[in-house]
Amino acid sequence: MMKWTIRNIDELPAAAKEFISQIGNKRVFALRGEMGAGKTTFIKSVCEALGVKDVINSPTFAIVNEYRSENDAPIYHFDFYRIRKIEEAFDFGYEEYIYSDAICFIEWPELIEELLPQDCTNVHIDIQNDGARIIHFDD
């Protein structure tokens with residue numbers, strides 16, 4: 001298991017770079033954590049480490065944002081928080097993104113659990129009593 005403890009936001013860039021160095025060929029990441037855990041903030045840091053120059057924010061209303069890495073590869077960032085029925089994921093063609101071989105970050109994957117690919121990597125962000133965040137995933 002890969003695991004990082006983030007005590008303040010200044011530690012995120014180093015954790016993001018380490019995360020990238022550890023993901024290998026993994027492409028789809030389901031970020032799991034309670035509201036305010038830092039899922040979007042972690043995704044932003046990883047995207048910046050991948051060379052994304054665009055504004056990186058949560059696609060809460062758009063459901064999906066597309067960014068471009070420094071080598072022009074697409075990166076997709078989903079936020080399914082506002083999904084009320086799983087059919088809504090079909091309506092915008094989620095499978096074209098998820099099965100595109102691009103890196104995909106998914107916030108609130110619990111709402112589309114049965115649509116996640118088998119090789120999806122679960123990334124957990126846990127809030128500690130002192131406010132630190134533990135970010136971990138099984139490799």
Side-chain angles (χ1 to χ4, degrees):
M1 176 193 316
M2 302 308 305
K3 180 174 158 181
W4 300 272
T5 300
I6 307 299
R7 289 187 174 33
N8 67 62
I9 201 156
D10 295 333
E11 296 175 354
L12 268 176
K17 287 177 185 172
E18 181 66 19
F19 176 82
I20 292 165
S21 76
Q22 298 298 319
I23 63 175
N25 293 327
K26 295 174 175 63
R27 290 290 173 261
V28 180
F29 302 91
L31 281 90
R32 300 176 186 277
E34 63 186 80
M35 181 76 74
K39 297 178 293 290
T40 301
T41 303
F42 182 65
I43 291 168
K44 179 179 182 195
S45 192
V46 171
C47 286
E48 288 171 348
L50 289 168
V52 172
K53 301 294 184 213
D54 299 321
V55 173
I56 303 160
N57 54 28
S58 179
T60 301
F61 294 99
I63 300 178
V64 62
N65 286 345
E66 180 179 340
Y67 314 118
R68 293 283 171 172
S69 69
E70 65 186 347
N71 65 358
D72 204 37
I75 299 169
Y76 300 115
H77 177 190
F78 297 89
D79 185 334
F80 287 108
Y81 184 74
R82 295 175 50 83
I83 291 283
R84 297 295 168 238
K85 300 180 294 187
I86 200 140
E87 291 79 18
E88 292 176 55
F90 290 107
D91 290 345
F92 76 85
Y94 84 95
E95 59 274 289
E96 290 180 36
Y97 299 99
I98 299 289
Y99 295 103
S100 68
D101 202 36
I103 292 177
C104 297
F105 296 108
I106 302 169
E107 295 187 55
W108 301 104
E110 301 83 357
L111 300 173
I112 60 149
E113 200 74 51
E114 62 259 33
L115 301 180
L116 296 175
Q118 286 186 330
D119 62 349
C120 181
T121 301
N122 291 302
V123 178
H124 300 271
I125 303 178
D126 303 317
I127 303 173
Q128 305 302 292
N129 289 338
D130 63 359
R133 304 306 199 259
I134 305 288
I135 302 171
H136 58 97
F137 73 94
D138 295 326
D139 53 347

Does a side-chain heavy-atom distance below 4.5 Å link [X] with [Y]?
X: I23; Y: F137; value: yes
X: K39; Y: F105; value: no
X: V46; Y: I75; value: no

Could you measure the distance from the [atom1] atom of [X] to the [atom2] atom of [Y]? Nearest 0.5 Å is fine.
X: S69; Y: K53; atom1: OG; atom2: NZ; value: 10.5 Å
X: K85; Y: D91; atom1: NZ; atom2: CG; value: 7.5 Å
X: L115; Y: F90; atom1: CG; atom2: CZ; value: 4.5 Å

Under the side chain to side chain contact (heavy atoms under 4.5 Å, CB included) test, residues paired with [X] that sit two or more places apart:
X: I83; value: I63, F80, E88
X: I9; value: L12, T41
X: P117; value: V28, I98, Y99, D119, C120
X: S58; value: T40, T60, D79, E107

Problem set entry | Which atom of M35 lies closest to which atom of W108, heavy atoms considered |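 Residues M35 and W108, closest heavy atoms: N-CH2, 3.8 Å.
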
Problem set entry | Minimum heavy-atom distance I6-A15, with the two atoms named |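 Shortest heavy-atom separation between I6 and A15 comes out as CD1-CB, 3.5 Å.
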
Determine, using the 4.5 Å side-chain heavy-atom cutoff (strictly less than), whether [X] and [Y] are members of one ILVMFWY cluster.
X: I43; Y: I127; answer: no
X: F29; Y: I56; answer: yes
X: Y94; Y: I103; answer: no
X: W4; Y: V123; answer: yes

Exercise. Please, which pairs that meet ring pair (Phe, Tyr, Trp, His ring centres under 6.0 Å) have at least one residue in residues 33-54, sequence neighbours excluded?
Worked result: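 Residue pairs passing ring pair (Phe, Tyr, Trp, His ring centres under 6.0 Å), neighbours aside: F19-F42.
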
Exercise. In this structure, are over 12 heavy atoms from other groups packed under 6.0 Å from E114 atom CD?
Worked result: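 Yes, enclosed.
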
Problem set entry | Side chain R133, main chain A37, donor-acceptor under 3.5 Å |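 Judged by distance alone, yes, a pair lies under 3.5 Å.
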
Test of understanding: with side-chain hydrogen bond (donor to acceptor under 3.5 Å, both in side chains), list the residues that count as partners of [X], not counting sequence neighbours.
X: D54; answer: none
X: R27; answer: none
X: D130; answer: none
X: Y67; answer: N65, H77

Problem set entry | Partners meeting ring-ring contact (aromatic ring centres under 6.0 Å, His included) with Y76 (sequence neighbours left out) |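 Y97.
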
For this session: Any side-chain hydrogen bond (donor to acceptor under 3.5 Å, both in side chains) involving residues 10-19? Give me the pairs, sequence neighbours left out, ordered by first then second residue.
Result: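 Every pair satisfying side-chain hydrogen bond (donor to acceptor under 3.5 Å, both in side chains) with a residue in residues 10-19: E18-Q22.
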
Problem set entry | Partner residues of R68 under the salt bridge (charged side-chain N to carboxylate O under 4.0 Å, His left out) criterion, sequence neighbours left out |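 Salt bridge (charged side-chain N to carboxylate O under 4.0 Å, His left out) list for R68, sorted by chain: E66.
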
For this session: State which residue, out of T121, I106, I135, I125, fulfils the side-chain contact (heavy atoms from CB on, under 4.5 Å) condition with L31.
Result: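 The option that passes is I125.
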
